[in-house]
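Here is the structure we will look at, set down as structure tokens.
One-based numbering along the sequence shown.
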Amino acid sequence: MDKEFKQAVTEFLEAFEEVFDKDWDYTKEQLGAWAETEQQRQERLKNPDDGIYPIHPEGTFINPRTEDEFSDWGYRGNLLEKYRQLKRIIHST
């Protein structure tokens, strides 16, 4: 694999992970998503797999901790699948 290409893909993966996994709380805040109180969050944790939310309260976009990552958000599941495939390839070379 071309060194410059591999470097570019690696940097993209790192940036993607930063926004959608490592800094997920801030990303949600910027998107205005799930502006819930701590009490609401605790209530949601009691039944995290009720199907209302496509991401478990303890999950992130990249690691949603749900049984079906495609459910009601098919493109997200495909994106995660391709992201993981690319990450495996990059790390195996």
Hey, could you give me the [atom1]/[atom2] distance between [X] and [Y], rounded to the nearest 0.5 Å?
{"X": "Arg76", "Y": "Ile62", "atom1": "CZ", "atom2": "CD1", "result": "11.0 Å"}
{"X": "Asp23", "Y": "Asp25", "atom1": "CG", "atom2": "CG", "result": "8.0 Å"}
{"X": "Lys6", "Y": "Ile89", "atom1": "NZ", "atom2": "CD1", "result": "11.5 Å"}
{"X": "Leu13", "Y": "Arg84", "atom1": "CG", "atom2": "CZ", "result": "12.5 Å"}
{"X": "Tyr75", "Y": "Leu80", "atom1": "OH", "atom2": "CG", "result": "15.0 Å"}

Problem set entry | Heavy-atom check, side chain of Phe16 versus side chain of Leu79, under 4.5 Å |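 Yes, side chains in contact.
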Exercise. Can you check whether Asn78 reaches Phe70 side chain to side chain, under 4.5 Å on heavy atoms?
Worked result: yes
Exercise. Partners of Glu18 by side-chain hydrogen bond (donor to acceptor under 3.5 Å, both in side chains), sequence neighbours excluded?
Worked result: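 None.
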Exercise. Would Phe61 and Thr27 count as a side chain to side chain contact (heavy atoms under 4.5 Å, CB included) if you check the C-alpha gap in whole Å, the side-chain angles of each, and the deciding distance to 0.1 Å?
Worked result: CA-CA 10 Å; Phe61 183 91; Thr27 299; over 6 Å; no
Exercise. When clusters are formed by joining ILVMFWY residues with side-chain heavy atoms under 4.5 Å apart, either directly or through shared neighbours, do Val19 and Tyr26 land in the same one?
Worked result: no
For this session: Answer with yes or no whether the side chains of Gln7 and Glu11 bring together a donor and an acceptor at under 3.5 Å.
Result: yes
Exercise. If every non-hydrogen atom of Arg65 is compared with every non-hydrogen atom of Gly59, which pair is closest and at what distance?
Worked result: CD-CA, 4.0 Å
Problem set entry | salt bridge (Lys or Arg N to Asp or Glu O under 4.0 Å) partners for Lys22, two or more places apart |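 Applying salt bridge (Lys or Arg N to Asp or Glu O under 4.0 Å) to Lys22 gives none.
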